[in-house]
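Contents: one structure, followed by commentary.
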Amino acid sequence: MIHFGDRSGFRVQSLRIPCPALERPLKILHLSDTHLLPRDRAKLAFVQRVTDADYDFVFHTGDVAEETGAETLVPQMLSRQPRYGAYMVPGNHDHLRLSTLEGWGEFLLGKQHGPERQTDVDRMRANYEAGGRWRVLLNEAATHTIDDREVVIAGVDDPWSDRGDLQATMHRVKRADVLIGLVHVPTDLASFAQRGFHLVLAGHTHGGQIRLPLVGALRTQCDLPTRYARGLHYVESTAVHVSQGLGAGKVVRVRALCPPTAYVIQLGG
């Protein structure tokens, strides 16, 4: 893995994941957990720089914007359109716009909130997709024919908000030579493996956000063991990449031994 630095503390990390089903490798940019706020100029500038490269796909695995007022910034994140498409799935912070007190409850107690706290999904999707740069997948799949291979991007809505439905996502998928899954929370990964996914991309954990020497992540805020809070893992033959993200919730903004990171993935080759 290769690491690149940025003056603002952001990083780009590259990795390679085998995929024999592909005739040629795909270059993928994996973003997650930007938690955009209107004042996040350095973060937005970094994402614009890293997206201004030649990719086959750009994927964002949720917690895109932290506040309603930042939703209109999302299309600006993508400087250059990738060859085949830019896709994102929502995270819990996209669906729930919480007060500071509610945010502390979520962080410390893992408290979830009912539909009365959920945002307007249609408005959110329209803002994120403005200008036709991104496509938001809400339990939906998109298919691309690449070198006579059917590459399916399956986007599962946020499990934390009880919106995720892998069965519905896969309902209309008739054929897939290469199956790539996008989901915010890395949970129920066995279901992806059972369906033969080649790669699953996820976020949510922030890599633990605060890590200690020799200990690593203290928590993941999901049922994933802390040793899997970031990086590449395998569930049976399915590769699972968990991003440590590019931001943090507006309650706890500190990161320790866990720099904000974007990932350039070579899939296949």
Side-chain angles (χ1 to χ4, degrees), residues 1-17 25-67 69-91 93-94 124 127-137 153 155 180 182 184 199 201-207 209 230-232 241-250 253-267 269:
M1 297 183 181
I2 304 172
H3 301 257
F4 303 91
D6 174 87
R7 287 186 303 173
S8 302
F10 299 101
R11 298 290 184 267
V12 178
Q13 181 174 315
S14 66
L15 64 154
R16 177 179 170 182
I17 301 174
L26 295 175
K27 186 178 181 182
I28 295 169
L29 177 65
H30 180 197
L31 306 172
S32 195
D33 297 273
T34 42
H35 289 276
L36 272 179
L37 291 168
R39 64 177 181 268
D40 283 336
R41 296 182 180 180
K43 186 190 301 178
L44 181 59
F46 169 78
V47 175
Q48 289 172 334
R49 286 195 298 274
V50 79
T51 58
D52 190 23
D54 185 22
Y55 300 104
D56 292 302
F57 290 102
V58 175
F59 298 133
H60 196 307
T61 51
D63 280 2
V64 184
E66 185 67 24
E67 294 178 353
E71 290 178 4
T72 55
L73 296 176
V74 172
Q76 300 177 36
M77 292 195 301
L78 196 62
S79 293
R80 186 194 299 193
Q81 203 70 28
R83 186 170 290 105
Y84 299 111
Y87 295 95
M88 57 173 55
V89 290
H93 283 243
D94 298 302
M124 176 193 70
N127 284 334
Y128 287 1
E129 293 185 337
R133 298 183 180 187
W134 295 94
R135 180 179 170 190
V136 179
L137 297 176
I153 314 303
I180 300 173
L182 309 179
H184 180 59
L199 173 64
L201 302 178
H204 183 69
T205 66
H206 298 185
Q209 190 168 319
R230 66 180 182 184
L232 180 63
H241 183 253
V242 182
S243 168
Q244 64 187 39
L246 286 164
K250 61 183 178 181
R253 306 289 286 177
V254 177
R255 299 181 71 108
L257 299 179
C258 191
T261 305
Y263 301 86
V264 177
I265 299 172
Q266 178 180 302
L267 181 63

For the atom pair CG (Leu199) and CD1 (Ile153), what is the distance rounded to the nearest 0.5 Å?
9.0 Å
Taking the side chain as C-beta and beyond, is there a heavy-atom pair between Leu201 and Ser243 under 4.5 Å?
no
Under the rule for ring-ring contact (aromatic ring centres under 6.0 Å, His included), what residues qualify as partners of His60, not counting sequence neighbours?
none
Can you check whether Val58 reaches Leu78 side chain to side chain, under 4.5 Å on heavy atoms?
yes
Hey, are the side chains of Val264 and Tyr55 touching, using non-hydrogen atoms and a 4.5 Å cut-off?
yes
Do Thr51 and Leu31 have side-chain heavy atoms sitting under 4.5 Å apart?
yes
Leu137 and Val89: which non-hydrogen atoms are nearest, and at how many Å?
O-CG1, 3.6 Å
Do you know which of Thr72, Val64, Leu73 makes side chain to side chain contact (heavy atoms under 4.5 Å, CB included) with Tyr128?
Val64
Can you give me the closest heavy-atom contact between Glu71 and Asn127, atom names plus distance?
OE1-ND2, 2.7 Å
Report yes or no: does Asp94 contribute a side-chain atom to a donor-acceptor pair with the main-chain N or O of Ala65 at less than 3.5 Å?
yes
Any pair with a residue in residues 28-39 that passes salt bridge (Lys or Arg N to Asp or Glu O under 4.0 Å), sequence neighbours left out, goes on the list, sorted by first then second residue, please.
none
Nearest 0.5 Å, what's the CE-CG distance between Met77 and Leu246?
9.0 Å
List the residues meeting side chain to side chain contact (heavy atoms under 4.5 Å, CB included) with Asp40, not counting sequence neighbours, and say none if there are none.
Leu36, Leu37, Lys43, Arg253
Can you list everything that forms a side chain to side chain donor-acceptor pair (under 3.5 Å) with Thr61? Sequence neighbours excluded, please.
His30, Ser32
With sequence neighbours left out, write down each residue that passes ring-ring contact (aromatic ring centres under 6.0 Å, His included) with Phe59, or none if nothing qualifies.
Phe57
Output all residues satisfying side chain to side chain contact (heavy atoms under 4.5 Å, CB included) with Pro25, sequence neighbours left out; order by chain, then residue number.
Gln266
Without swapping roles, check the side chain of Arg230 against the backbone of Gly203 for a donor-acceptor pair under 3.5 Å.
no
Excluding sequence neighbours, so at least two apart, what forms side chain to side chain contact (heavy atoms under 4.5 Å, CB included) with Arg80?
Asp52, Asp54
Contacts of type side chain to side chain donor-acceptor pair (under 3.5 Å), residue Tyr84, not counting sequence neighbours:
Arg24
Would you call Arg83 and Asp56 a salt bridge, taking side-chain N to carboxylate O under 4.0 Å as the test?
yes
For Gln209 and Val254, indicate whether the former's side chain and the latter's backbone hold a donor-acceptor pair under 3.5 Å.
yes
Shortest non-hydrogen separation from Thr261 to Pro259 and the atoms involved
OG1-O, 2.7 Å
Find out whether Glu67 and Pro38 are in side-chain contact, i.e. whether some heavy atom of one side chain is under 4.5 Å from a heavy atom of the other.
yes
Can a donor-acceptor pair be found, under 3.5 Å and without considering hydrogens, that links the side chain of Gln76 to the backbone of Leu44?
no
Go through the structure and list residues passing side chain to side chain donor-acceptor pair (under 3.5 Å) with Tyr263, not counting sequence neighbours.
none
Looking only at the side chains, is there a donor atom on one of His184 and His93 sitting less than 3.5 Å from an acceptor on the other?
no
For Trp134 and Val74, work out which heavy atoms get closest and say how close.
NE1-O, 3.3 Å
Atom pair CG/OG of Leu29 and Ser14 - distance to nearest 0.5 Å
11.5 Å
Do you know which two heavy atoms are closest between Phe46 and Val12, and how far apart they sit?
CZ-CG2, 3.7 Å
Whether the Gln48 and Ser79 side chains hold a donor-acceptor pair (N or O, under 3.5 Å, no angle test) is what I'd like checked.
no
Output for pair (Leu15 CG, Leu267 CG), nearest 0.5 Å, gives 10.0 Å
Between Pro82 and Gly85, what is the shortest heavy-atom contact and its length?
CG-O, 3.2 Å
Rounded distance (nearest 0.5 Å) linking atom CD of Gln13 with atom CD of Gln244:
7.0 Å
